[in-house]
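Below is one structure, written out as structure tokens, with a few remarks after it.
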Amino acid sequence: MASGWQLFLESFWPIVWGGVSGTIPLALASFAIGLVLALGVALARLSRNRVLSGAARFYVSVIRGTPLLVQLFVIFYGLPAVGLVIDPWPSAIVAFSLNVGGYAAEVIRAAILSVPKGQWEAGYTIGMSHTTTLRRIILPQAARVSVPPLSNTFISLVKDTSLASLILVTELFRVAQQIAAFSQEFMLLYLEAALVYWLVCLALSSGQGALERRLDRYVAH
């Protein structure tokens with residue numbers, strides 16, 4: 001028991017540092033790129049251009065209909081078969097960004113559609129173009145509506161980054177695996193990794209709640 005507790009304490013900060021230096025940057029970079037992609041896909045889905053809308057719908061269908069692990073393996077292990085070799089970190093970012101883009105696109109599209117049509121008409125009445133109305137009136141309102149589901153998407157992404165360990169990306173779970181392989185205390189180290197993920201997600205959920213309460217102050221009830 002004493003040696004197990006000592007191993008727990010000695011490995012705790014290396015695992016936390018794996019999260020700080022690997023998991024969080026990977027999640028942030030992928031989420032930021034994924035959001036930009038999601039906005040473009042959502043707007044394409046709402047476009048009257050059937051080709052553009054169809055392509056966006058196909059992308060969303062593929063991303064939502066296939067496992068993230070398969071997407072990750074196709075990019076890292078599959079693309080070299082056609083001459084495109086991508087290092088582990090960029091591969092993980094590409095895979096996670098594409099995955100976030102597919103899921104977040106539907107969130108953003110639904111948020112845009114939730115804005116009353118009268119808001120569009122108000123913009124047109126004062127002489128705004130379609131693009132200006134979207135940028136200055138519709139998107140700010142849609143952003144507030146999309147905060148809760150997008151926050152949940154980010155929290156899920158933080159946990160999903162553990163899959164990057166399968167392509168040798170050094171992040172939280174990879175560090176736990178390395179320590180477990182050396183100490184042979186697999187149960188202890190994997191439970192410790194689960195604890196750190198849980199603490200990170202608790203902190204993110206708390207931040208999400210604070211952000212939602214702040215945004216709610218600007219909404220009339």
Side-chain angles (χ1 to χ4, degrees), residues 19 22-115 134-135 138-139 141-174 197 200-201 204-205 208 211:
T23 297
I24 298 302
L26 180 59
L28 287 173
S30 301
F31 191 70
I33 297 171
L35 275 186
V36 174
L37 178 61
L39 178 59
V41 173
L43 294 177
R45 287 272 278 128
L46 295 171
S47 172
R48 295 180 180 179
N49 185 311
R50 291 185 178 181
V51 175
L52 193 60
S53 177
R57 187 179 294 107
F58 176 76
Y59 164 73
V60 171
S61 178
V62 170
I63 292 298
R64 290 164 65 94
T66 57
L68 174 56
L69 180 59
V70 174
Q71 298 164 15
L72 183 62
F73 273 34
V74 165
I75 292 171
F76 184 69
Y77 293 111
L79 290 182
V82 295
L84 183 57
V85 179
I86 307 178
D87 290 337
W89 261 89
S91 293
I93 290 176
V94 169
F96 294 143
S97 297
L98 290 174
N99 190 265
V100 168
Y103 282 91
E106 290 299 279
V107 172
I108 295 174
R109 183 177 72 90
I112 292 174
L113 290 175
S114 72
V115 178
L134 176 68
R135 179 171 56 86
I138 305 302
L139 287 181
Q141 296 181 65
R144 184 188 60 79
V145 174
S146 64
V147 164
L150 288 179
S151 297
N152 291 332
T153 298
F154 180 70
I155 292 173
S156 295
L157 175 62
V158 169
K159 293 180 290 183
D160 288 341
T161 55
S162 60
L163 295 175
S165 64
L166 297 175
I167 60 170
L168 307 181
V169 171
T170 301
E171 42 71 63
L172 192 158
F173 189 63
R174 179 68 178 170
Y197 276 116
V200 170
C201 289
L204 292 174
S205 296
Q208 174 188 351
L211 178 59

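Below, each value reflects all heavy atoms present in this structure, side chains not excepted, and no hydrogens, waters or symmetry copies.
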Using side-chain heavy atoms (C-beta onward) and a distance below 4.5 Å, is [X] in contact with [Y]?
| X | Y | answer |
| --- | --- | --- |
| Arg57 | Ser53 | yes |
| Asp87 | Phe76 | no |
| Tyr77 | Ile167 | yes |
| Val62 | Gln71 | no |
| Val158 | Leu204 | yes |

Would you compute the distance between atom [atom1] of [X] and atom [atom2] of [Y] and round it to the nearest 0.5 angstrom?
| X | Y | atom1 | atom2 | answer |
| --- | --- | --- | --- | --- |
| Phe31 | Ile155 | CZ | CD1 | 9.5 Å |
| Ile108 | Leu35 | CD1 | CG | 5.5 Å |
| Thr66 | Asn99 | OG1 | CG | 7.5 Å |
| Leu68 | Ile63 | CG | CD1 | 9.0 Å |
| Leu26 | Leu172 | CG | CG | 11.5 Å |

Is it true that Glu171 and Arg174 make a salt bridge, defined as a side-chain N closer than 4.0 Å to a carboxylate O?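 No salt bridge links Glu171 with Arg174.
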With the threshold set at 4.0 Å, does a side-chain nitrogen-carboxylate oxygen contact exist between Arg45 and Glu106? yes
Any donor-acceptor N/O pair, [X] side chain to [Y] backbone, under 3.5 Å:
| X | Y | value |
| --- | --- | --- |
| Ser162 | Lys159 | yes |
| Ser30 | Ala27 | no |
| Ser205 | Cys201 | yes |
| Ser114 | Ala111 | yes |
| Asn49 | Leu52 | yes |

Tyr59 vs Leu98, side chain to side chain contact (heavy atoms under 4.5 Å, CB included): CA-CA, chis, key distance, verdict: CA-CA 9 Å; Tyr59 164 73; Leu98 290 174; 4.0 Å; yes
Checking Ile112 against Val145 for the side chain to side chain contact (heavy atoms under 4.5 Å, CB included) test, could you report, in this order, the C-alpha distance in whole Å, the side-chain angles of both residues, the deciding distance, and whether it holds? CA-CA 9 Å; Ile112 292 174; Val145 174; over 6 Å; no
Leu134 vs Leu43, side chain to side chain contact (heavy atoms under 4.5 Å, CB included): CA-CA, chis, key distance, verdict: CA-CA 10 Å; Leu134 176 68; Leu43 294 177; 3.7 Å; yes
Audit row: Thr23, Phe173, side chain to side chain contact (heavy atoms under 4.5 Å, CB included) steps and yes/no: CA-CA 9 Å; Thr23 297; Phe173 189 63; over 6 Å; no
